[in-house]
Amino acid sequence: MPELPEVETIRRHLEAVLPGRRVTAVELRLPKLLRAEPGRALSDLVGQVVLAVGRRAKLLLLDFSGDQSLVIHLKLTGQICHQTVSGERRCGGHPVPAFDAPLPHKSTHLTVTFDDGGTLLLTDIRQFGQLRLVSSGAVPALLADENYGPDAFDPALTPGMLAAQLRRRANARLKPVLLDQTVIAGLGNIYVDEALYSARLHPLRTPASLSADETACLLDGIRDALDHGLRQGGFTIVNGRARPLDGYPRVHGLAGAPCPRCGTPVVKTTVGGRGTYLCPRCQPTPA
DNA sequence: AACTACTCCTGGAGGC
DNA sequence: TGCCTCCAGGAGTAGT
């Protein structure tokens, strides 16, 4: 499930290879994924040059010459691969199909070809992903409409800022609040579970109940989870089951496994309709 | 304000 | 082996 680290990982790959490249062909095989501004078509990208590869929250932002921007949301199962003419491939996002599987896959919905023979492929098994084609000048307004909170990866985010954001939903349950992109942008189900575990906070705690120290621990936990995710190029979770690498993730997708801190079996429960993993000893249920 | 349920969709896993 | 059901979840929306 692509969250901030998965999107940031692929953004860094693309930033290294795409700027300066000219589009020679675009093929969209699943038209419903695209929402284009009136009068715009993906074919408008042909002949344009990639100017920049950005990210806001879980959105990947591709800026092209000719006042064109492609905004991509990978949702649950989106995957982006860049393949060079010699077949070298870098992938990010959902790990199904496998990153080394033959491409295009039957669920590869978008292929963009560049003047060096490289291709950018968007594959999405569940077809929830979204592509938006807008004028570059419209991107700030598009992002403003989303009303995103501070980026979870922003080093300038302080415990005080996080506390202020959390207070906007002071009496709601902590986990759904952290999943709310207008509170803090970029977290999804996996990283919220990991951050709460790290901070020893039960997902049913409320923001109002958090001490300043607990909020600071939560921010540390968010950063710790994101850092490990980035270092691994994203956590590999397939059908809710984790494949831990170097001990991460520590609880998400690991029901029954021993808590890395105390050995108590990790418990799976549901919070706000989301599968939720926690250590019942390290993260005591609120009264 | 907060919460639940439903929607989009496919494929992997488990039961029998 | 194979059919069936359940489940995964980002995010929007509708209803309580």
Side-chain angles (χ1 to χ4, degrees), chain A residues 1-8 10 29-35 55-60 71-80 92-99 101 104-110 122-132 142-143 145-149 151-152 165-196 203-209 225-226 229 234-243 249 251-256 266-277 286:
Chain A
M1 299 94 230
E3 304 179 30
L4 189 157
E6 287 77 5
V7 179
E8 179 63 16
I10 191 62
R29 296 200 291 184
L30 190 65
K32 72 168 185 179
L33 293 189
L34 178 67
R35 276 193 290 155
R55 180 189 61 76
R56 177 72 172 105
K58 302 171 192 170
L59 291 176
L60 186 67
V71 180
I72 302 173
H73 196 311
L74 297 175
K75 291 291 181 81
L76 277 76
T77 56
Q79 171 189 115
I80 286 180
H94 190 64
V96 176
F99 288 161
H105 181 268
K106 68 176 178 180
S107 293
T108 297
H109 309 306
L110 175 73
L122 172 66
T123 303
D124 185 351
I125 290 172
R126 284 176 222 170
Q127 307 177 10
F128 286 178
Q130 288 181 354
L131 294 170
R132 276 180 279 185
L142 182 152
L143 296 178
D145 281 351
E146 299 287 346
N147 196 25
Y148 285 127
D151 202 277
Q165 286 298 103
L166 293 176
R167 273 197 293 274
R168 295 173 45 218
R169 297 186 57 184
N171 297 310
R173 299 173 300 184
L174 195 49
K175 175 158 180 173
V177 173
L178 291 171
L179 288 170
D180 182 343
Q181 302 297 298
T182 71
V183 172
I184 180 167
L187 299 178
N189 204 33
I190 301 166
Y191 292 90
V192 167
D193 279 1
E194 293 297 307
L196 290 172
L204 294 181
R205 292 282 300 272
T206 63
S209 77
L226 293 177
F235 292 147
T236 300
I237 312 275
V238 176
N239 290 317
R241 286 163 183 77
R243 300 172 188 174
V251 289
H252 188 92
L254 296 168
V266 169
V267 166
K268 184 187 179 194
T269 177
T270 299
V271 177
R274 314 275 170 184
T276 297
Y277 299 83

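To find a chain, count down the sequence lines: A is the first, B the second, and so on, and within it residues start at 1. Scope of the values below: all heavy atoms of this structure, side chains included, with no hydrogens, waters or symmetry mates. What you are looking at is a predicted structure, and each value in this text was computed from that prediction instead of being measured.
C/dA11 atom C1' lies 15 Å from atom CG of A/Leu187, rounded to whole Å. Between A/Arg274 atom CZ and B/dT7 atom C1' there is a gap of 12 Å when expressed in whole angstrom units. As rounded to whole Å, 13 Å separates atom C1' of C/dG12 from atom CD of A/Gln181. Atoms CG (A/Asp124) and P (C/dG10) sit 13 Å apart, rounded to a whole Å. Between A/Arg132 atom CZ and C/dG12 atom C1' there is a gap of 12 Å when expressed in whole angstrom units. Whole-Å rounding puts the A/Leu30 CG to B/dC8 P distance at 15 Å. Atom CG of A/Asn147 and atom P of C/dA11 are 14 Å apart (whole Å). A straight line from NE2 of A/His94 to P of C/dC7 spans 18 Å, rounded to a whole angstrom.
For the pair A/Glu146 and A/Gly275, nearest-nucleotide mapping onto DNA chain C gives the more 5' position to A/Gly275.
For the side-chain hydrogen bond (donor to acceptor under 3.5 Å, both in side chains) with A/Asp180, the qualifying choice from A/Arg168, A/Gln165, A/Arg169 is A/Arg169, the only one to do so. If you run side chain to side chain contact (heavy atoms under 4.5 Å, CB included) between A/Tyr277 and each of A/Thr269, A/Leu254, A/Asp193, A/Val267, only A/Asp193 comes through.
Comment: A/Asp151 engages A/Arg55 in a salt bridge, judged by a side-chain N to carboxylate O separation of less than 4.0 angstrom.
Put simply, the side chain of A/Glu6 gets close to the backbone of A/Glu3: a donor and an acceptor are under 3.5 Å apart.
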Exercise. Output, in order, the C-alpha distance, side-chain angles, deciding distance and verdict of side chain to side chain contact (heavy atoms under 4.5 Å, CB included) for A/Arg126 and A/Lys75.
Key: CA-CA 9 Å; A/Arg126 284 176 222 170; A/Lys75 291 291 181 81; over 6 Å; no

* To do: Check the pair A/Leu178 / A/Leu166 against side chain to side chain contact (heavy atoms under 4.5 Å, CB included), numbers first and verdict last.
  => CA-CA 8 Å; A/Leu178 291 171; A/Leu166 293 176; 4.0 Å; yes

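Pairing analysis of DNA chain C (Watson-Crick: purine N1 to pyrimidine N3 plus N6-O4 or O6-N4; G-U wobble: N1-O2 and O6-N3; both under 3.5 Å) yields stems of 3 or more pairs at B:2-16 with C:2-16.
The two residues A/Ala195 and A/Ala225 have their closest heavy-atom pair at N-CB, 4.3 Å.
Between the side chains of A/Thr77 and A/Asp124, a donor-acceptor pair is found at a separation under 3.5 Å.
Remark: the A/Arg168 side chain and the B/dA2 base include no donor-acceptor N/O pair separated by less than 3.5 Å.
Residues of residues 171-179 of chain A that place a heavy atom closer than 4.0 Å to DNA chain B, in numerical order, are A/Asn171, A/Ala172, A/Arg173.
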Identify every side-chain donor-acceptor pair in residues 183-190 of chain A under 3.5 Å, counting partners at least two apart or on other chains, and give the distances.
unit_1, atom_1, unit_2, atom_2, d
A/Asn189, OD1, A/Lys175, NZ, 2.6
A/Asn189, ND2, A/Gly275, O, 2.9

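Scored by the side-chain hydrogen bond (donor to acceptor under 3.5 Å, both in side chains) test, A/Lys58 finds no partners at all (sequence neighbours excluded). With sequence neighbours excluded, no residue forms a salt bridge (Lys or Arg N to Asp or Glu O under 4.0 Å) with A/Arg173.
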Would you tabulate the pairs of protein nitrogen or oxygen atoms and nucleotide nitrogen or oxygen atoms of nucleotides 9-11 of chain B closer than 3.5 angstrom?
unit_1, atom_1, unit_2, atom_2, d
B/dC9, OP1, A/Lys32, NZ, 3.0
B/dC9, O4', A/Arg126, O, 3.4
B/dT10, OP1, A/Gln127, NE2, 3.4
B/dT10, O2, A/Arg126, NE, 3.2
B/dG11, OP1, A/Lys106, NZ, 3.1

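Between A/His73 and C/dG10 there is no side-chain polar atom (N or O) within less than 4.0 angstrom of OP1 or OP2.
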